[in-house]
Amino acid sequence: QVRLVESGGGLVQAGGSLRLSCAASGRTVSSLAMGWFRQAPGKEREFVAATIGWTGGTTYHADSVKGRFTISRDNAQNTVYLQMNSLKPEDTAVYYCAAALPHPQYEGSDEKEYDYWGQGTQVTVSS
């Protein structure tokens with residue numbers, strides 16, 4: 001069983017930055033694919049970014065956040081981060097951390113690929 005605990009959300013003005021953390025227990029993040037998703041009010045949950053532990057840390061970012069958000073891992077802390085810069089009001093959402101066990105068909109952006117989820121952390125960007 002993998003447990004994920006997110007932290008770092010909050011209220012920030014447009015143009016500001018936040019760093020989200022996802023602390024994992026039960027398995028090392030280096031053996032998992034770790035993803036960040038978000039869900040805004042009235043919208044479906046969408047992919048934000050992913051990093052694949054079993055390939056040495058390959059990363060993917062959604063087009064909507066590319067150049068502004070960066071996913072990273074700290075294997076020693078068994079934690080995954082999402083650095084969010086140049087935040088916009090449309091980035092307001094609950095952000096979820098997710099973990100996928102190794103499997104050859106893993107692609108990264110489909111929430112159905114993920115086996116474990118955190119409780120979410122609220123990010124609110126004011127204009």
Side-chain angles (χ1 to χ4, degrees):
Q1 188 76 8
V2 175
R3 183 168 179 256
L4 304 172
V5 179
E6 302 104 329
S7 61
L11 173 64
V12 64
Q13 287 189 331
S17 298
L18 282 175
R19 188 177 77 157
L20 305 183
S21 300
C22 174
S25 59
R27 191 155 173 157
T28 60
V29 297
S30 59
S31 68
L32 300 164
M34 302 296 295
W36 285 98
F37 289 77
R38 66 186 182 185
Q39 188 167 22
K43 295 189 177 180
E44 293 187 352
R45 190 154 53 185
E46 66 173 1
F47 170 75
V48 175
T51 176
I52 308 175
W54 63 80
T55 64
T58 306
T59 61
Y60 302 97
H61 296 81
D63 288 342
S64 59
V65 305
K66 207 168 288 185
R68 299 188 300 123
F69 292 10
T70 304
I71 189 170
S72 63
R73 291 180 301 136
D74 184 332
N75 291 337
Q77 297 296 321
N78 214 36
T79 298
V80 174
Y81 302 98
L82 184 68
Q83 178 66 45
M84 306 186 295
N85 299 327
S86 302
L87 282 160
K88 305 175 182 179
E90 51 263 44
D91 294 318
T92 295
V94 177
Y95 283 71
Y96 296 92
C97 176
L101 297 170
H103 61 90
Q105 287 77 38
Y106 175 83
E107 183 269 332
S109 61
D110 187 346
E111 62 178 90
K112 297 183 182 66
E113 299 180 271
Y114 292 84
D115 302 288
Y116 303 98
W117 291 83
Q119 81 287 352
T121 186
Q122 176 70 46
V123 172
T124 303
V125 185
S126 63
S127 57

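Between the side chain of Thr79 and the main chain of Ala23, no donor-acceptor pair closer than 3.5 Å is present. With Asn75 contributing its side chain and Asn78 its backbone, the two residues share no donor-acceptor pair below 3.5 Å.
Heavy atoms of other residues, nucleotides or ligands lying less than 6.0 angstrom from CD of Gln13 number 12 at most.
Sequence neighbours left out, not one pair with a member in residues 29-80 passes disulfide (SG to SG under 2.5 Å). For residues 83-127, the pairs satisfying disulfide (SG to SG under 2.5 Å) are Cys22-Cys97, with sequence neighbours left out. Within the structure, the side chain to side chain donor-acceptor pair (under 3.5 Å) test picks out the following pairs touching residues 39-50 (sequence neighbours left out): Arg38-Glu46, Arg45-Glu111.
In terms of heavy atoms, Ser127 sits closest to Pro89 at CB-CG, 3.8 Å. Shortest non-hydrogen contact noted between Gly108 and Ala50 is O-CB, 4.2 Å. The shortest heavy-atom contact between Arg27 and Ala24 is O-CB, 4.3 Å. The minimum heavy-atom distance between Ser86 and Asp91, with the atom names listed, is O-OD2, 4.4 Å.
Separating the CZ atom in Arg3 from the OG atom in Ser25 is a distance of 6.0 Å, to the nearest 0.5 Å. Arg73 contributes atom CZ, which lies 6.5 Å from atom OG of Ser30 (distance to the nearest 0.5 angstrom). Once rounded to the nearest 0.5 Å, the distance linking NE2 of His103 with CD of Glu113 reads 5.0 Å.
Phe47 belongs to a hydrophobic cluster whose other members, connected by ILVMFWY side-chain contacts under 4.5 Å either directly or through intermediates, are Phe37, Ile52, Trp54, Tyr60, Val94, Tyr96, Tyr106, Tyr114, Trp117. Residue Leu4 is found in a hydrophobic cluster whose other members, listed by chain and number, are Val2, Val12, Leu18, Leu20, Val29, Leu32, Met34, Trp36, Val48, Val65, Phe69, Ile71, Val80, Leu82, Met84, Leu87, Tyr95, Leu101, Tyr116, Val123, Val125; membership requires side-chain heavy atoms under 4.5 Å apart, directly or through intermediates.
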query = Between Ser109 and Glu107, is a side chain to side chain contact (heavy atoms under 4.5 Å, CB included) present by the stated rule, with each step listed?
reply = CA-CA 6 Å; Ser109 61; Glu107 183 269 332; 2.8 Å; yes
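Scanning for salt bridge (charged side-chain N to carboxylate O under 4.0 Å, His left out) contacts around Lys66 gives Asp63, with sequence neighbours left out.
Side-chain contact of Ser17 with Asn85: a donor-acceptor pair under 3.5 Å is present, judged by distance alone.
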